2 protein chains.
Amino acid sequence: MVSIKDVAKLAGVSVATVSRTLSKPEAVAESTREQVMAAVAESGYVANALARNFRRRRSHTVVVLMPDIGNPFYALVVQGIEQAAVQSGYQVLLGDTQNETQREQAYTELVRQRTADGLICLGPHIPFDIDENVTAPPADWPPLVMACEYHGRVKLPRIVIDNELAAREMTEHLISQGHSKIAFINGPEDSPLCQARFDGYLQALLDAGKTFDRALLMHGDFTMETGYELTKQLLQREQLPTAIFCANDEMAIGSLHAVRDQNLSVPDDIAIAGFDDINIAKFSYPPLTTVHQPRREIGAKAMQLLLQLLDGKGSAETIVLPHDLIIRKSTQ
Amino acid sequence: MVSIKDVAKLAGVSVATVSRTLSKPEAVAESTREQVMAAVAESGYVANALARNFRRRRSHTVVVLMPDIGNPFYALVVQGIEQAAVQSGYQVLLGDTQNETQREQAYTELVRQRTADGLICLGPHIPFDIDENVTAPPADWPPLVMACEYHGRVKLPRIVIDNELAAREMTEHLISQGHSKIAFINGPEDSPLCQARFDGYLQALLDAGKTFDRALLMHGDFTMETGYELTKQLLQREQLPTAIFCANDEMAIGSLHAVRDQNLSVPDDIAIAGFDDINIAKFSYPPLTTVHQPRREIGAKAMQLLLQLLDGKGSAETIVLPHDLIIRKSTQ
DNA sequence: CTGTTAGCGCGTTCAC
DNA sequence: GTGAACGCGCTAACAG
């Protein structure tokens, strides 16, 4: 492998000059610069990033903790992260945690080992033991940004949409369509994001003078399978809901499926709404009413925030990005 | 940051002994080992992977080149890769190329820079200039394994299913359902994988004594959008096909959508089949007949092959994994 | 503007 | 079984 020494010898300069020419060319005389570049070209030299990172004490790599790589919602978020990373000379290490604490910790360990400089956490869970009263990230935590989900108490930099508002708007939309028995299939109970969505749902009901029926609230795990199963349960009740609001599109698609299995029609018998606006939402049958999240932007902003953090100019910012109600045929 | 020196001092031994204790404990006396481990625990020492990789000239990282991170087909393949990688102490760097040569090359560059040790290529395109007559990978190519797709001429290690057989079986299934006007919405024309699927389709038609109608062959780009558009075109013909076989599930879902838009019924008016068996296939309306690919296994095997290559015991193996015909309601 | 020098943290000789 | 010494390839500090 050709190293910086070889180039120096070939160009007739010192290794320091080669290094300088490559990192800040303007600090080098034009004539020597040309010699060096010629030597680089001739030798086919490529700087060894392993050595450079070692020396600079920066891996220029970030880990993205994804709860489930199979969940299509995350794809565009990761794409946003990745684009922003590449633009800044960073790489993205993929961390599929399957919601397992052990795997989260293994990936977090990469930061302690200096394999990665920081973390972007897409799920609700943070891989640290958190003391009861902690509200700010302790000094021994690595640079960490949350995207989409967030922690209820610890104030970390985060990129979100206004989940409560979005859920309220969707519920209002359903109410405006004449629904009053609106079931809500939410995600995991312990997720602050899901709590916010529930709050929005509840608020809309109360604002409209409706009562909240505990029996219409269910909790899934964001998969099509649970959307299907929970909807089946709902449809075995004596009193059927007239609308089902699911906290993500995948559960909504499972829900659609369950409703059709009972030979009921969407939206005539039961309206169904989702959340996220993943690609498939437009192509479901019928097309799914949902909340659009700017996923790529969420990812890009998260990466930018992390870069700030790594540059030492970090703060526990919360960035709220705009969402959008997308009304399609599943509710009207 | 606590380094190996600090541990050595604390344990009262040399850095060499600490290094040995951590890499091959059996080569060290039990008493010193205990001292060292105690010092490690006390100091909270974590070996600096940057330094270690530099020294060992291995990044223990591989790049996965994905044509499109938003394509759900790849998610499970990547999961398979990632699991196998983690098991062997490797990390996965995500390379979303968006089918752009420039981005492919940028990621390939990471290997030359020693940021990564090798590549797994999920798309049909290899980021190298390939001479006309080359059939084996030139020596200056980095360790490279192909998964799912493959190159038509250059013999690279690859993990595939028998695409021709699978397409033939699917076409035979459609024929057995009484169809004779079977449209085929294939992927990009220049993909060897797609050519194989076409061959299978053609063979099944000919074996059954049917003729191949050029007008029933179309080429999309594997997105729901093109599945939708191409099907719309098909449905504007005078002679409608009675079945549409799409080369992946996403196009099939777009196709379903287009057929419904014309108030035609699936499968009564037109049967539709896909390929891949992505998660959503089971939850489409109607559920989609498709070819199941063992995606996680494909990924895992690809990673294993790459590790072999990196250990110098590589060969241009082709591994064919079993597929499975999944008959659902969209064709019967 | 350029060269010399001195490490970064670790793994690996080679003596002892 | 252990320690001293060296060097991986590069960047940064300093002197000139």
Side-chain angles (χ1 to χ4, degrees), chain A residues 1-40 43-61 89 109-117 310-311, chain B residues 1-40 43-61 89 109-117:
Chain A
M1 208 65 249
V2 31
S3 89
I4 197 169
K5 269 187 198 162
D6 305 312
V7 178
K9 201 174 296 175
L10 199 58
V13 298
S14 74
V15 293
T17 300
V18 177
S19 176
R20 263 193 297 264
T21 308
L22 264 26
S23 56
K24 24 180 187 165
E26 71 283 2
V28 145
E30 196 182 329
S31 59
T32 54
R33 195 192 316 155
E34 281 165 7
Q35 286 175 56
V36 171
M37 294 317 276
V40 167
S43 62
Y45 170 69
V46 179
N48 183 330
L50 245 32
R52 170 178 290 166
N53 290 339
F54 166 50
R55 178 61 230 236
R56 290 192 172 150
R57 294 171 180 73
R58 275 281 182 99
S59 62
H60 289 271
T61 302
E109 193 64 9
L110 294 182
V111 181
R112 300 216 306 143
Q113 294 168 193
R114 319 267 98 187
T115 293
D117 299 332
L310 294 175
D311 282 351
Chain B
M1 207 66 249
V2 31
S3 88
I4 198 170
K5 271 186 196 163
D6 305 310
V7 179
K9 201 174 295 174
L10 197 60
V13 299
S14 73
V15 293
T17 301
V18 178
S19 175
R20 264 193 295 263
T21 308
L22 263 27
S23 55
K24 25 180 185 163
E26 71 283 4
V28 144
E30 194 182 332
S31 58
T32 54
R33 193 192 316 155
E34 280 165 6
Q35 285 175 55
V36 171
M37 294 317 277
V40 166
S43 62
Y45 170 70
V46 179
N48 183 330
L50 245 32
R52 171 177 288 167
N53 289 339
F54 167 51
R55 179 62 232 237
R56 289 188 173 153
R57 293 169 178 72
R58 274 284 181 98
S59 62
H60 289 271
T61 301
E109 194 63 9
L110 294 182
V111 181
R112 301 216 305 145
Q113 296 167 192
R114 320 265 104 190
T115 293
D117 298 333

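Chain naming here is simple, since letters A, B, ... match the order of the sequence lines and numbering starts at 1 in each. Quick caveat: nothing in here was measured; it's all calculated off a predicted structure.
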| task | To the nearest 0.5 Å, tell me how far B:Thr115 OG1 sits from B:Arg112 CZ. | result | 12.0 Å

| Does the side-chain ring of A:Phe54 lie flat on the base of D:dC10, meaning centres under 5.5 Å and planes less than 30 degrees apart? |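 Whether judged by distance or by angle, A:Phe54 falls short somewhere, so it does not stack on the base of D:dC10.
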
Starting from [atom2] on [N], measure out to [atom1] on [X] and report it in whole angstrom.
X	N	atom1	atom2	value
A:Arg58	D:dG9	CZ	C1'	20 Å
B:Gln35	D:dT2	CD	C1'	12 Å
B:Asn53	D:dC10	CG	C1'	16 Å
A:Gln113	C:dG9	CD	C1'	14 Å
A:Leu22	D:dC10	CG	P	9 Å
A:Leu50	C:dG11	CG	P	13 Å
A:Ile4	C:dC8	CD1	C1'	15 Å
A:Arg33	C:dC1	CZ	P	9 Å

| said: Between A:Ser14 and C:dG3, is there a contact of a side-chain N or O with OP1 or OP2 at under 4.0 Å? | reply: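 For A:Ser14, the contact criterion (side-chain N or O under 4.0 Å from OP1 or OP2 of C:dG3) is met.
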
| request: Compare side-chain N and O positions of B:Lys5 against OP1 and OP2 of C:dC8 and report whether any pair is under 4.0 Å apart. | output: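 B:Lys5 to C:dC8 OP1/OP2: side-chain N or O found under 4.0 Å.
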
To the side chain of [X], which of [options] is closest?
X	options	result
B:Thr17	C:dG9, D:dT11, D:dG3	D:dG3
B:Val28	C:dC1, D:dT2, C:dC10	D:dT2
A:Ser3	C:dG11, C:dC10, D:dC10	D:dC10
A:Arg20	D:dG9, D:dA13, C:dC10	D:dA13
A:Arg55	D:dT11, D:dG3, C:dC10	D:dT11

| request: Verify side chain to side chain contact (heavy atoms under 4.5 Å, CB included) between A:Leu50 and B:Arg57, making sure each step is shown before the conclusion. | output: CA-CA 8 Å; A:Leu50 245 32; B:Arg57 293 169 178 72; 5.6 Å; no

| Touch check for B:Ser19, heavy atoms < 4.0 angstrom, all strands: base, sugar-phosphate only, or nothing? | base

| message | Any base atoms under 4.0 Å from A:Ser23, or only sugar-phosphate, or nothing? Heavy atoms, all strands. | response | nothing

| said: So for A:Arg114 and C:dG9, does any side-chain atom that can act as donor or acceptor lie under 3.5 Å from a complementary atom in the base? | reply: no

| Is B:Arg57 side chain donor-acceptor paired with the D:dG9 base, going by distance under 3.5 Å alone? | no

| field | Earlier contact from the 5' end, DNA chain D, for B:Ala16 and A:Arg52 | value | B:Ala16

| query | In a check of side-chain contact (heavy atoms from CB on, under 4.5 Å) between B:Val7 and each of B:Val18, B:Val13, B:Val15, which one passes? | reply |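 Only one option passes, and that is B:Val18.
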
| request: Quickly, which of A:Leu10, A:Asp6, A:Leu22, A:Val36 forms a side-chain contact (heavy atoms from CB on, under 4.5 Å) with A:Tyr45? Name it, please. | output: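 Only one option passes, and that is A:Leu22.
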
| 5' precedence on DNA chain C between A:Ala27 and A:Val15 (nearest-nucleotide basis) |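 Going by which nucleotide is closer to the 5' end, it is A:Ala27.
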
| field | Within 6.0 angstrom of B:Glu30 CD, more than 12 heavy atoms from elsewhere | value |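 No, CD of B:Glu30 has 12 or fewer neighbouring heavy atoms, counting only those of other groups under 6.0 Å.
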
| task | Measure across A:His60 and A:Asp117 and return the closest heavy-atom pair with its distance rounded to 0.1 Å. | result | N-OD2, 2.8 Å

